[in-house]
Asks: 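The following block contains the structure, expressed as structure tokens.
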Number of protein chains: 2
Amino acid sequence: MNEQEFLAAYDPRDHPAVAVTVDVVALTIREGALHLLLVRRGAPPFEGHSALPGGFVHPDEDLIAGARRELAEETGLGGERLRRIHLEQLGSYGAPDRDPRMRVVSVAHLAFAPDLPDPAAGSDAEEALWLPVSALASRQLAFDHARVIEDGLERARSKLEYTPLATRFLDAEFTVTELRAVYETVWGHPLHPGNFHRKVLSVPGFVESTGASTERGGSRGGPRAKLYRAGDARLLHPALLRPAREETVR
Amino acid sequence: MNEQEFLAAYDPRDHPAVAVTVDVVALTIREGALHLLLVRRGAPPFEGHSALPGGFVHPDEDLIAGARRELAEETGLGGERLRRIHLEQLGSYGAPDRDPRMRVVSVAHLAFAPDLPDPAAGSDAEEALWLPVSALASRQLAFDHARVIEDGLERARSKLEYTPLATRFLDAEFTVTELRAVYETVWGHPLHPGNFHRKVLSVPGFVESTGASTERGGSRGGPRAKLYRAGDARLLHPALLRPAREETVR
DNA sequence: CAAATAGTGTCTGTTAGACAATATACT
DNA sequence: AGTATATTGTCTAACAGACACTATTTG
């Protein structure tokens, strides 16, 4: 098997033709709702359908670098703004018939971004937009991207439990209330403000105080909130667990 | 970008040549020690080095199916025995220079198996063996397989916390003590027998009693233990958390 | 002032973990 | 008999979640 592997390798033509793409499930929060970056396909197959931003991996780039490049192209971002976006590998999707043209293995990635400007329409990107996740049901999605998105959303919900990545949806400085809004938005239900506040501050390394406070209180009243930045923890211990989901366990 | 993608797709020769392999980090427990399935490479590159079992994905098989096929080929297993092995995708590894011959993206998988017979040397498999994980340091590993194994081991440790997959290292019926031995072996340190026992039985759906007990007590004395089988839970709630690892958190 | 919000205090039920105790079965 | 092991009991500290309360700010 490895002998054959070795011999075959010297003439790539002997391999079944496989293409490798990198796709990105990019999430952000706009106006209190979870949004997802989608592009509109301008050519068959799935012409006119929505799809995840992505494309063929370039010859000399790592998978994650390819994903970051695709993200940069579609969002028009670069430099520090781009670097602050959290990006991780989500998983690979390689069902033989997932692309009608040929065998394509997609290495999907997951990104958490703070609120970003609308995608630059001027670039070479096809129409790209931030779509509320709640509006996904009404969209036709290309390939198996509906499944990929589902997996990405579940991964995001799970990551918020045991990592401090919720802060990646926010700017460098944020209030506990803003952080709570991230959790409520991603998890899809309200949390108890008092308990959340105490819990966040008690987890070592989750957030650290900047010493400063917001300039103004809430738009409808209330005191000014203290400002925090992300701490140095890479895992939350103890974790912030989602309220029991007995139903989903079996 | 998608236009180009579409056009390019009709002639696979236009793509940079990429090969996709499926590799398997297969773990089992033998004589109280965690073991890993490795093969010995019989041809360059990395001739004579150890490597994960794996090979090119076949044209009409899904990624996970390819991994199961490779696992079957190397272990000589089939049917029910093969089906009981837990198999999941671990992640994809695609650094441009990870294979000196050409661009190869490896989709790694992770397998948990009960104690299995030694790999059938008669098959077309190259020399395959179960190696104690503790002996890995003394091995030369091909490609980036050392990194893949590391990631697989960490995933395994983590999965034992919040899923009932520890049972997949055991036969269909097992005692709580045997289950504890799995945790101790994978996590690498002893657990409190009394607390573990109570905890396992208190997690809904983790294990269910068969009503029977072992035929004999322990080899050095002690009562007969009750037998259990895996329950219907897919997630452990509450989870069995590893003892605090404050150090690894930052 | 009325309403909303940030942040803290208190209480209760659950859980993790240390430790102890008991009963059983091996050599 | 002596020892190891399975299983259960007890206690304590930590934690999650419910609820209440105070102080602060906006309109």
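Reminder, nothing fancy here: chain letters follow the sequence lines and each chain counts from 1. All values reported here derive from a predicted model rather than from experimental measurement. What you see below is based on every heavy atom in this structure, not just the backbone, and it leaves out hydrogens, waters and symmetry mates.
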Asks: Do Tyr93(A) and Asp23(A) have side-chain N/O donor and acceptor atoms under 3.5 Å apart?
Replies: no
Asks: For a quick check of understanding: with a heavy-atom distance under 4.0 Å over all strands, which category does Ser202(B) fall into, base, sugar-phosphate or nothing?
Replies: nothing
Asks: Side chains of Thr185(B) and Phe169(B): does their closest heavy-atom pair fall under 4.5 Å?
Replies: no
Asks: The side chain of Arg180(A) lies closest to which of these nucleotides: dA6(C), dT26(D), dA6(D)?
Replies: dA6(C)
Asks: Take atom NE2 of His192(A) and atom C1' of dT8(C), then tell me their distance rounded to the nearest Å.
Replies: 12 Å
Asks: Could you tell me whether Thr175(B) contacts a base, only the sugar-phosphate backbone, or nothing, with contacts defined as non-hydrogen atoms closer than 4.0 Å?
Replies: nothing
Asks: Whole Å only: how far is the OH atom of Tyr162(A) from the P atom of dC15(D)?
Replies: 21 Å
Asks: Within a strict 4.5 Å, meaning less than it, do heavy atoms of the Val207(B) and Val176(B) side chains meet?
Replies: no
Asks: Whole angstrom is fine here: how far is it from NE2 in His189(B) over to P in dG17(C)?
Replies: 10 Å
Asks: Which whole-number value in Å describes the distance from Leu201(B) CG to dG9(D) C1'?
Replies: 15 Å
Asks: Can you tell me if the side-chain N/O atoms of Arg216(B) get under 4.0 Å from OP1 or OP2 in dA4(D)?
Replies: no
Asks: Would you indicate which nucleotide in dC19(C), dC26(C), dT7(D) comes nearest to any side-chain atom of Asn195(B)?
Replies: dC19(C)
Asks: Rounded to whole angstroms, how far apart are CZ on Phe196(A) and C1' on dT5(C)?
Replies: 15 Å
Asks: How long is the line joining NE2 of His197(A) and P of dG9(C), in whole Å?
Replies: 12 Å
Asks: Tell me which residues in residues 219-227 of chain B put a heavy atom below 4.0 Å from DNA chain C, sorted by number, or none.
Replies: Ser219(B), Gly221(B), Gly222(B), Pro223(B), Arg224(B)
Asks: Do the side chain of Arg30(B) and the main chain of Asp115(B) share a donor and acceptor less than 3.5 angstrom apart?
Replies: no
Asks: Starting at CG of Leu179(B) and ending at P of dA6(D), how long is that distance when rounded to a whole Å?
Replies: 12 Å
Asks: Mind checking whether Tyr183(A) and Trp187(A) have parallel, tilted or perpendicular rings, split at 30° and 60°?
Replies: perpendicular
Asks: Indicate, with a heavy-atom threshold strictly under 4.0 Å, whether Arg198(A) touches base, sugar-phosphate, or nothing.
Replies: base
Asks: I want to check something: taking the side chain as every heavy atom from C-beta on, are Phe206(A) and Leu179(A) in contact at a cut-off of under 4.5 Å?
Replies: yes
Asks: Distance check needed: dT24(C) C1' versus Glu215(B) CD, whole Å only.
Replies: 16 Å
